[in-house]
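Report on the structure given below.
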Number of protein chains: 2
Amino acid sequence: MKKVSVFIVDDHYMVVEGIRSLLQNEKDIEWSGHATNGSSCRAFLKQHQPDVILMDINLPDISGIDLCKEIKEKYPRVMILGLSTFNQFSYIEKMMNNGASGYVIKNAGKEELLEAIITVNNGKNYLSDEVSQTLRKPEASGILLTRREKEILLLIAEGKTNIEISRQLFISVNTVDTHRKNLLLKFESKNIASLVRKAAQLELI
Amino acid sequence: MKKVSVFIVDDHYMVVEGIRSLLQNEKDIEWSGHATNGSSCRAFLKQHQPDVILMDINLPDISGIDLCKEIKEKYPRVMILGLSTFNQFSYIEKMMNNGASGYVIKNAGKEELLEAIITVNNGKNYLSDEVSQTLRKPEASGILLTRREKEILLLIAEGKTNIEISRQLFISVNTVDTHRKNLLLKFESKNIASLVRKAAQLELI
DNA sequence: ATACCCATCCCCTTTTTCGATGATTTTTAT
DNA sequence: ATAAAAATCATCGAAAAAGGGGATGGGTAT
């Protein structure tokens, strides 16, 4: 069986070093290299395409979420594993929506990391129990938001007014207002302040 | 010269592995062990006292900030180096106030880490340029609120209206309104949604 | 003593949100 | 294919917040 080549993008030297150390003696894994930011990652990919990229969400020059999308558009055969300190719903969701095949938290052990790499290399998705549990979290808290509602919740939390949101999404102010009202209902909040706080506590924003 | 024994407390396995890998061939350093949470760290310290502890700020069972204080009270001779993903004023400040001798960001390289360990082991403080730069501008990350403003911020985030707040605090609605305006100014927010989000992200509410 | 910050209070106008309903079209799921 | 869910648009009035002024005492630190 051919070795799986792994490339890592993470600005935290200690994490890169840790993963290198974890993987270096694995016979099925080939260390392809690493980058500490988005642009050097792009430069590397022009020369080589690894099988799997481990990608941190927080990079100095670009969000790992955007970089993920960009890479999947150019090199769809490269599998991407999100990598982050945070087991946070919004991050995981965005990475998966942007084409990532899995998501691993940095406290994962060697076995989990290996399993994740092998799994996504075989074209399947990998989410650890912990992560997929987090993906189900909004249900657990009893608040199920639609795609549009999540989108609008984010914009509200950024401080956008209804009119600004309506322009940005090319919909009527009335529609934005309706979504806003539905959000207030779902969060059992009587105003935006308490809504934003609850959303922040559920780590939805 | 006696080797410096180093113990690490971090719940991120990959970081522990990375640091171990970085330090394992250093002749001046002795790997003392690691813990992934506060309680196993306490248990270890009852048996052995390393020269230096590398301590993550975000631990599952206790904040590294509190743990730092606790350890320095019991074992003042143990030197503590804060370790975090974040170059954030409030964290650095709290760690140093609780007895840490230094603070290292996880993207630090081998040389910096070594220098930090050696320096704090000699009883001196170590702050990287990056970190001490952050410490010099408190306004950058920390918004200074007055007592009353904090109080009112909390009530706003709970969804109270100005009138409700005024009744609760036995002050005029106008006063509450003024505080609200000042909060918006200080947070550079144009409405409550963005204010609450920023406050939540700074963990003020 | 004299600035300075804080907390308090007041007025005004414009903009936005909230609350209550109703309805149509588009998507999604079974 | 059909039913359910989501997204869309709308009107109305009341309430609240945003944005702009200005003003008064009470500590407190130099």
Side-chain angles (χ1 to χ4, degrees), chain A residues 89-90 93-94 96-97 125 135-200 202 204-205, chain B residues 137-139 142-200 204-205:
Chain A
F89 180 82
S90 58
E93 195 194 23
K94 283 176 191 155
M96 300 304 283
N97 285 343
N125 280 5
L135 271 188
R136 280 192 295 270
K137 199 171 169 185
E139 272 178 71
S141 67
I143 296 174
L144 272 172
L145 301 182
T146 68
R147 219 178 307 148
R148 203 53 151 178
E149 283 166 352
K150 286 175 200 165
E151 202 176 357
I152 286 175
L153 171 58
L154 277 179
L155 294 171
I156 289 174
E158 281 169 17
K160 302 260 168 70
T161 67
N162 281 2
I163 294 175
E164 285 167 347
I165 295 173
S166 76
R167 290 202 186 114
Q168 184 168 340
L169 301 181
F170 304 104
I171 56 177
S172 148
V173 185
N174 300 301
T175 307
V176 180
D177 195 47
T178 302
H179 287 306
R180 175 184 224 108
K181 286 168 186 167
N182 289 333
L183 283 167
L184 290 174
L185 276 178
K186 289 191 177 179
F187 279 83
E188 290 171 352
S189 294
K190 61 171 194 156
N191 59 33
I192 291 297
S194 113
L195 185 152
V196 172
R197 172 160 154 275
K198 285 181 184 173
L202 293 172
L204 292 172
I205 55 177
Chain B
K137 40 179 177 180
E139 295 110 31
I143 294 171
L144 292 172
L145 301 182
T146 68
R147 225 176 308 145
R148 203 54 153 174
E149 282 166 351
K150 284 177 199 164
E151 201 176 0
I152 287 175
L153 172 58
L154 276 178
L155 294 171
I156 288 173
E158 282 170 16
K160 301 262 169 68
T161 67
N162 282 359
I163 294 175
E164 286 168 347
I165 295 173
S166 75
R167 290 204 184 112
Q168 183 168 339
L169 300 180
F170 304 103
I171 57 179
S172 147
V173 185
N174 302 300
T175 308
V176 179
D177 196 48
T178 303
H179 286 306
R180 180 185 289 256
K181 287 171 187 169
N182 289 333
L183 283 168
L184 289 174
L185 275 179
K186 287 191 177 179
F187 278 85
E188 291 172 352
S189 294
K190 61 169 191 155
N191 58 35
I192 291 299
S194 120
L195 185 151
V196 172
R197 174 160 153 274
K198 286 181 185 174
L204 293 171
I205 55 176

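In what follows, every chain begins at residue 1, and chains take the letters A, B, ... in the order their sequences are listed. All figures in this text were calculated on a predicted structure; none of them were measured in a lab.
At least one side-chain heavy atom of A:Lys190 sits less than 4.5 Å from a side-chain heavy atom of B:Thr161. A:Leu145 has its side chain within reach of A:Leu183: a pair of non-hydrogen atoms, C-beta onward, lies under 4.5 Å apart. The closest side-chain heavy-atom distance from B:Leu195 to A:Val196 is not below 4.5 Å.
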Per-nucleotide protein contact string for nucleotides 17-30 of chain D, where B marks a base within reach and S marks sugar-phosphate only (heavy atoms under 4.0 Å, - for neither): SSBB----------

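Side-chain proximity of A:Ile171 to D:dA7, D:dT8, C:dC9: nearest is D:dT8.
Rounded to an integer number of Å, the gap from B:Ile165 CD1 to C:dC9 P is 14 Å. The distance between atom CG of A:Leu185 and atom C1' of C:dA20, rounded to the nearest whole Å, is 11 Å. One can place CD1 of A:Ile156 at 11 Å from C1' of C:dT17, the figure rounded to the nearest angstrom. Between A:His179 atom NE2 and D:dA6 atom P there is a gap of 11 Å when expressed in whole angstrom units. Taking atom CG of B:Leu169 as the reference point, atom C1' of C:dC9 lies 15 Å away to the nearest angstrom.
For the pair B:Asn174 and C:dC9, the criterion of a side-chain N or O lying under 4.0 Å from OP1 or OP2 is not met. Neither OP1 nor OP2 of C:dC5 sits under 4.0 Å from any side-chain N or O of B:Thr146. A close approach under 4.0 Å does not occur between any side-chain nitrogen or oxygen of A:Arg147 and OP1 or OP2 of D:dA6.
Around CD of B:Glu164, the count of heavy atoms belonging to other residues, nucleotides or ligands within 6.0 Å exceeds 12.
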